[in-house]
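Since the model is a prediction, treat every value here as computed from it, not as a measurement. Naming convention: chains lettered A, B, ... in sequence-line order (proteins, then strands); numbering from 1 in each chain. Hydrogens, waters and symmetry mates play no part in the numbers below; they use all other heavy atoms, side chains included.
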2 protein chains.
Amino acid sequence: MARAATTTDPFNAVAEPRRRQILDLLAGGERAVGDLVEELGLGQPQVSKHLRVLREVGLVKAREEGRRRLYRVDGRALKPIHDWVKGYEALWSERFELLDDVLEDLEKERSDDTRD
Amino acid sequence: MARAATTTDPFNAVAEPRRRQILDLLAGGERAVGDLVEELGLGQPQVSKHLRVLREVGLVKAREEGRRRLYRVDGRALKPIHDWVKGYEALWSERFELLDDVLEDLEKERSDDTRD
DNA sequence: AATATATATACCGATATCGGCATATGTCAA
DNA sequence: TTGACATATGCCGATATCGGTATATATATT
């Protein structure tokens, strides 16, 4: 055994900042690969490769138009992430933030007490 | 240049399935490392390493109790992910799903037309 | 003080990843 | 048909990652 699966799920696909950037651009509407290359300042092969990953996890769909390929987001693939994160949503409400701060203060006091 | 930053942000921290598992366990309340080791069926060093990553991105906090170390989730570090994904939330509403299906059908028809 | 228990760190090998470059494939234009 | 343009794929080197094993560190127990 060596390493876990990688580019097989949306979590991993989206872990790469460039790919999030690509999705953010595509959120503004369909774009051809060349446009993305320009806007990202990255090599064309690199962009194509990122798009491949996004395609494989279903995060983008492609449409052929002449010799260009127009990509668009398919947000449905993000739902698993959304659902997972949503389970933790309560944890960053103000009251929980406060609770966490209090806990940290208590800890600090405790360790301050420790010194003699 | 070789590779982008990795374990520096919550997106990456959470891309690893084991770490999500750990967070899910901790969501049920504070646990010591040993407990997690048992529940995950993973080596203790591995668990400690995953916890280190989670600690470094602020996803968990530790509290010392004797020779044990009790970890708990700090959901605030998930907010960036939540916020980012939320921007795409509209895209998986029923109407958009429908739209996407229609677009795919259109494409299919188009390529069917192509054969002669 | 010596031992046991709990956790963290260091090192290793295998592999996946990312960007860069060259090239293949496919489509339009002359 | 030949050549330009658009995109995808293949190969490379550098590096990060993951699990495994051994070991260090710290705290409790005897």
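- Near-neighbour residues of DNA chain C inside residues 36-47 of chain B, defined by a heavy atom below 4.0 Å, number-ordered: B:Gln44, B:Pro45.
- A:Arg67 pairs by the side-chain hydrogen bond (donor to acceptor under 3.5 Å, both in side chains) definition with nothing, not counting sequence neighbours.
- Protein atom CD of B:Glu16 is 12 Å distant from nucleotide atom C1' of C:dA16, rounded to whole Å.
- Contact check of residues 28-35 of chain B against DNA chain D (heavy atom, cut-off under 4.0 Å) returns no residues at all.
- With sequence neighbours excluded, no residue forms a side-chain hydrogen bond (donor to acceptor under 3.5 Å, both in side chains) with B:Asp35.
- Between the C1' atom of C:dG19 and the CZ atom of A:Arg19 lies a distance of 13 Å, rounded to the nearest Å.
- Atom NE2 of A:His50 is separated from atom C1' of C:dG20 by 12 Å (rounded to the nearest Å).
- A:His82 pairs by the ring-ring contact (aromatic ring centres under 6.0 Å, His included) definition with B:Trp92, not counting sequence neighbours.
- Between the P atom of D:dA6 and the CZ atom of A:Arg63 lies a distance of 17 Å, rounded to the nearest Å.
- Separating the CD1 atom of B:Ile22 from the P atom of C:dT7 is a distance of 13 Å, rounded to the nearest angstrom.
- Under 4.0 angstrom from either OP1 or OP2 of C:dT7 there lies no side-chain N or O belonging to B:Arg52.
- Within the 4.0 Å cut-off from OP1 or OP2 of D:dA8, at least one side-chain nitrogen or oxygen of A:Arg69 is found.
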N/O-N/O pairs, protein side and nucleotides 27-30 of chain C side, under 3.5 Å:
none

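- The hydrophobic cluster containing A:Ile81 also contains B:Tyr88, counting ILVMFWY residues as joined when their side-chain heavy atoms lie under 4.5 angstrom apart, directly or transitively.
- Here B:Tyr71 reaches the OP1 or OP2 of C:dA8: one of its side-chain N or O atoms lies under 4.0 Å away.
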